[in-house]
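For reference, the structure discussed in these notes is given below.
Both counts, for ligands and for their atoms, begin at 1 and track the order of listing. All values below come from the heavy atoms of this structure, side chains included, with hydrogens, waters and symmetry mates left out. Sequential numbering from 1 along the given sequence is applied to the chain's residues.
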Amino acid sequence: MSNTAACTHLASLERVLNAEKVECEECVKTGSRWVHLRTCQACGGTRCCDSSPNRHASKHARAASHPVVCSAEAGERWLYCYPDDETAEY
Ligand SMILES: [Zn+2]
Ligand SMILES: [Zn+2]
Ligand SMILES: [Zn+2]
């Protein structure tokens, strides 16, 4: 876990929550499609990325004040903080 000066969210994360299901929990309700998936590190919910039409992960981050997600894509090991626009590998 790399520390950054700007973001305390990434620095204070003790473990990474991985996706329980590899699908966007909002898109499956409406039958929408997604491009990539992100897992919220505050509640463990998995939602779609900003390249997806519905951008559920960033909407959730703002609405719930849950700043940090990890990539839920196979083989990707990184975290992202929305409010600070910081990325960290793990
Ligand atoms: Zn942050
Ligand atoms: Zn979605
Ligand atoms: Zn959340």
The Zn ion (ligand 1) contact by E86, N, O or S atom under 2.8 Å: no
Name, closest N/O/S atom of H9 to the Zn ion (ligand 1): ND1
Heavy-atom side-chain proximity of W34 to R47 below 4.5 angstrom: no
Donor-acceptor under 3.5 Å (T87 side chain, Y80 main chain): no
Side chain Q41, main chain T39, donor-acceptor under 3.5 Å: yes
Connected via hydrophobic side-chain network under 4.5 Å: V68 and W78: no
Within-4.5 Å side-chain heavy-atom neighbours: S71 and R77: no
Close side-chain approach of C24 to L37, heavy-atom, < 4.5 Å: yes
Of the N, O or S atoms in H66, the one nearest the Zn ion (ligand 3): ND1
Name of whichever N/O/S atom of D84 is nearest to the Zn ion (ligand 1): OD2
Near the Zn ion (ligand 2) (cut-off under 2.8 Å), count of protein N, O or S atoms: 4
K21 atom NZ: more than 12 heavy-atom contacts under 6.0 Å: no
Over 12 foreign heavy atoms within 6.0 Å of CD, E76: yes
